> 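Take this structure, written in structure tokens, and hold onto it; I'll ask about it next.
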Amino acid sequence: MDERAGGTAPTYHVPVMLPEVLSALAVDPDGDYADGTLGGGGHAAAILDLVRGAGHLYAFDADPGAIANATARFAGDLGARIIVRQAYFTEACEMLAAEGIRLAGVLLDLGVSSRQLDSDQIGLSYRQEMPLDMRFDATARPRSAADIVNDDSPEKIATLLRQYGEEPAAWKIAQAIARGRSGRRIATTTDLREVIESMIPGHFLIKTLSRVFQALRIAVNDELGELERGLAGFIPLLRSGGRFAVLTYHSLEDRIVKDTFRDEERSCICPPDFPLCRCDKVQRLKVLGRKPLLPTAEEIERNPRARSAKLRVAERVEGMVKHNL
Ligand SMILES: C[S@@+](CC[C@H](N)C(=O)[O-])C[C@H]1O[C@@H](n2cnc3c(N)ncnc32)[C@H](O)[C@@H]1O
């Protein structure tokens with residue numbers, strides 16, 4: 001396998017479920033593909049290796065660091081076989097639609113890369129002291145994590161921790177944050193960690209910190225809203241038979257993908273007691289596999305960050321437009 005395809009030493013990020021993703025995309029050498037979550041470019045390199053004919057790979061990431069890395073990694077092919085742009089999903093879909101591109105496949109590998117966590121510049125990890133920011137692209141998002149913990153009401157912070165972190169002690173933590181910020185600003189990851197450490201017993205601490213940091217990251221980057229808009233934006237760009245592969249890492253993301261794919265598979269949403277279909281719903285996807293694919297035990301052993309991954313795959317179909325209204 002090509003070094004670029006992540007076969008040897010990708011220190012930036014080890015691509016998760018790579019063989020399963022490639023098989024799900026059933027790459028056509030002449031097809032145009034989109035990778036909405038370029039990261040270290042491991043999946044992208046492997047897709048590019050298979051797109052050997054007239055096809056292209058359009059690769060996006062919100063993080064300028066990922067774009068700089070990919071610009072170096074793919075220097076030889078840049079602008080020709082692979083087109084790299086800094087963009088959140090919403091903008092990525094707008095760019096592709098404006099160019100009239102019909103995709104043979106889309107990959108979204110959600111969440112964050114190992115590089116973002118390990119050489120943390122933006123305060124994603126409670127293990128290193130950094131400004132509490134968490135924005136993948138600070139120019140595109142108005143509020144940092146520090147703005148949320150310092151300026152929002154305890155009620156709002158508790159809702160966020162519950163909703164995005166599924167945190168059982170959400171209200172207690174929100175109150176501790178409100179006490180911790182009186183007379184000073186919670187400005188760094190360490191400041192926030194200390195507030196949580198002061199009230200959560202040691203054996204629950206790491207899991208609680210993970211949930212709180214995850215919740216803030218999701219909120220700051222509007223990750224769930226982006227996912228919904230990304231799914232809605234990429235589906236119409238797929239050509240008939242085109243594949244949509246999405247890797248999720250927690251239940252909130254997975255539920256959105258599962259529900260969207262299921263909804264897009266339906267061709268009628270009329271109430272069950274209607275004798276004839278009166279709605280204008282058109283089927284746009286066929287879900288491939290009732291259950292999500294999971295990483296093998298061997299992959300999890302090799303790469304523990306794969307352990308929570310779920311891969312869902314759907315195929316674009318051109319449903320019948322109804323003329324029954
Ligand atoms: C798990 S990593 C992708 C790793 C990549 N597949 C690889 O093989 O190296 C997820 C990446 O998606 C980016 N990302 C997350 N949500 C995004 C969004 N809504 N729009 C654009 N990029 C996003 C993150 O900045 C991160 O670089």
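Order of appearance sets the numbers: ligands from 1, and atoms from 1 within every ligand. Since we're looking at a predicted model, the values are computed, not measured.
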> Are Asp222 and Arg135 ion-paired here, with the side-chain N under 4.0 Å from a carboxylate O?
no
> Would Arg141 pass as a cation-pi partner of Tyr88, given that its NZ or CZ must be under 6.0 Å from the six-membered ring centre and within 45 degrees of the axis?
yes
> Quiz question: by atom type and distance under 3.5 Å, do the side chains of Gln116 and Ser113 form a donor-acceptor pair?
yes
> Can a donor-acceptor pair be found between the side chains of Thr188 and Glu129 at a distance below 3.5 Å?
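Present: a donor and an acceptor within the cut-off.
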> Is it the case that atom NZ in Lys281 sees more than 12 heavy atoms from other parts of the structure closer than 6.0 Å?
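More than 12 heavy atoms, drawn from other residues, nucleotides or ligands, come within 6.0 Å of this atom.
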> Would you call Arg102-Glu318 a salt bridge at under 4.0 Å N-O?
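Yes, Arg102 and Glu318 are salt-bridged.
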> List by chain and number: which residues place a heavy atom under 4.0 Å from ligand 1?
His13, Pro15, Gly36, Thr37, Leu38, Gly39, Gly40, Gly41, Gly42, His43, Asp61, Ala62, Asp63, Ala87, Tyr88, Phe89, Asp109, Leu110, Gly111, Val112, Ser113, Gln116, Phe136, Glu226
